[in-house]
Structure formats: structure tokens, C-alpha cells
2 protein chains.
Amino acid sequence: MGITKSEIFTEEQNRIANMAKALGHPARISILQHLFQSDSCICGDLVDKIGLAQPTISQHLKELKNAGLIKGNVEGTSVCYCIHKENWMEMKKLLNSFLDSDISTTSECC
Amino acid sequence: MGITKSEIFTEEQNRIANMAKALGHPARISILQHLFQSDSCICGDLVDKIGLAQPTISQHLKELKNAGLIKGNVEGTSVCYCIHKENWMEMKKLLNSFLDSDISTTSECC
DNA sequence: TTTATTAAATGCAATATTACAATAAAGAAG
DNA sequence: CTTCTTTATTGTAATATTGCATTTAATAAA
């Protein structure tokens, strides 16, 4: 049905999956990398540097904002985006708690 | 169009996004957690423990296999799945290289 | 006020994803 | 061989995602 059955999973499983999903598109990875280098906070700059149309970039920015990973600030006619540091660190902690599952105690049965 | 323009992004950006995408569903997080606890390598056990139909679990297992994160081994009529340790560690390194982008040198302009 | 400039919102088309019923395939048990 | 068990495959429906042209909104500049 294209709809995820979130209710049968734990809060943690849903949060991890949602964060991973937000990172699950190369345009959004590219946007975040640019924001980390902080040489292009402005939406228009991102449109120029990444080869996608303005509405498409705007949409990806919206998703990153919904995920809490970035924040935007209106400056005249343009909008300045940047990493939401606090949420970013929280996301990192959440993902790492999962990624660091102890692989040494796990049996590779195949 | 529902189709990602992979060709305009770097190989690294696509690889990071693809790995994140594979982790972008709570059922797949749940499957991986079970495999880490290794108390249910068998596909049928996962179907019982997670509340999704057998074809749905099978489909998620296939995606995790395509992403290289797990491997499967036929044992009689049943199939035993487990974490692909080598690829898992590689994925972790890849994601961490991105997640660990130096946040301290980044300006929070908003 | 009029005219740019910039970004968000809307609307649409194409494709992808999620989920499951029904079926097929492959081996085990009788 | 027949039957049972287990998993993959196929087909289908519903929803989500990606991408862009067009329009709208809001501020700046003239």
C-alpha cells in the first residue's frame, strides 16, 4: 500500500528509520555537505551548485527541516540555511547506538 | 518523476544515500536488530516476531541483501540470514565519515 | 507604485515503495 | 510419489517520492 506500519515498531526503531530516510537521497547528502562547509547557506547557491531545479531543492530542504537536521533564517529576499547542531548531534548518537551494535558477539551463521 | 538523478552526484554521495535508504524503514531496522541478537536467523522466526506478512518480510530481506548488509544460507527448507560483518563495517565507516563532519568549524548562521 | 529577486507552494507526471493474497519452487517427511 | 513446510516470486492496490513548470508571496530596488 506504500504506507509504513509504524505502529507495530518501537519508538526507537521508527526514529532511527526516519533519520536514515532523511539521509536517503544524494541531493540531501550534498546539501548537508555544503552546509558543513558553510560556503553556501543560501538556498539559491545550493540550486546553482547542485544541478536540480529550485522547487526540487526547496523540497529537499523542507524534508531536512522536517527531520530537524537543518534550520532556515529569512534574510531579506533570500533564506539562509544551516545545520541544526543540537539535533544533528542527537541524530548521530541515535544512529551510532544502532550502528555500533556489537558485531563481535554476533554469530555469522552463513 | 520519482526517479533519482544519481548521475549528477558523486559516487560517495550516492553510496552514503543508498546505505541510509536501506536503513530507512523500521522493519529493516527491526530485522537487523534481531540478527544482531542472533536469536532468529530464520526467516520464519522474523515473520513471527515482527508483525508483517511473510512476503513483506521476504521483500525487506531482499533489499537488505541487495544493499549487502546481510547474507542468507539455505538450510533444508528454511533459510538462515545473518549480518554480513565485512560489509557492515564498511557501511559503518562510510556513514561515520559523513556523520562525523566537523560540526565545530561550521557556523550556525541562524 | 512598479519592477526585480528569491524562495515557497501548487499541481502534475513518472516512478518507487510498502504491503499482502495467491502462487510457485524446493527440499523434507511420510 | 505425495504431502507438508518454508521461502521466493508474481501480481495488484494504495501511497510515497522525485522532479519540474507554473504560480504565489514577500522583500528589495528603482
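Small disclaimer: the values here were computed from a predicted structure and weren't measured. First the proteins, then the strands, lettered A, B, ... as listed; each starts at 1. The basis for the numbers below is simple: all heavy atoms, side chains too, and nothing from hydrogens, waters or symmetry mates.
Following rounding to the nearest Å, B/Leu52 (CG) and C/dA19 (C1') show an atom-to-atom distance of 8 Å. Taking atom CG of B/Leu46 as the reference point, atom C1' of D/dA8 lies 15 Å away to the nearest angstrom. For A/Gln59 and C/dA14, the CD to P distance is 17 Å, given to the nearest whole Å. B/Ile57 has its CD1 atom 16 Å from the C1' atom of D/dT9, to the nearest Å. One can place CD1 of B/Ile3 at 15 Å from C1' of D/dA16, the figure rounded to the nearest angstrom. To the nearest angstrom, C1' of D/dG19 lies 14 Å from CG of A/Leu61.
With sequence neighbours excluded, no residue satisfies side chain to side chain donor-acceptor pair (under 3.5 Å) with B/Lys21.
Note: A/His60 and A/His25 have tilted aromatic rings, judged against thresholds of 30 and 60 degrees for the angle between ring planes.
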*Reading nucleotides 22-30 of chain C from the 5' end, what letters show protein touch, with B for base, S for backbone sugar-phosphate only, - for no heavy atom under 4.0 Å?*
B----BS--

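Residue A/Ser58 is classed as a base contact, given a heavy-atom separation below 4.0 Å to a base.
Of all the residues in residues 4-14 of chain A, A/Thr4, A/Lys5 reach under 4.0 Å from DNA chain C with at least one non-hydrogen atom.
Between B/Lys21 and B/Val79, the residue anchored nearer the 5' end of DNA chain D, judged by the nucleotide with its closest heavy atom, is B/Val79.
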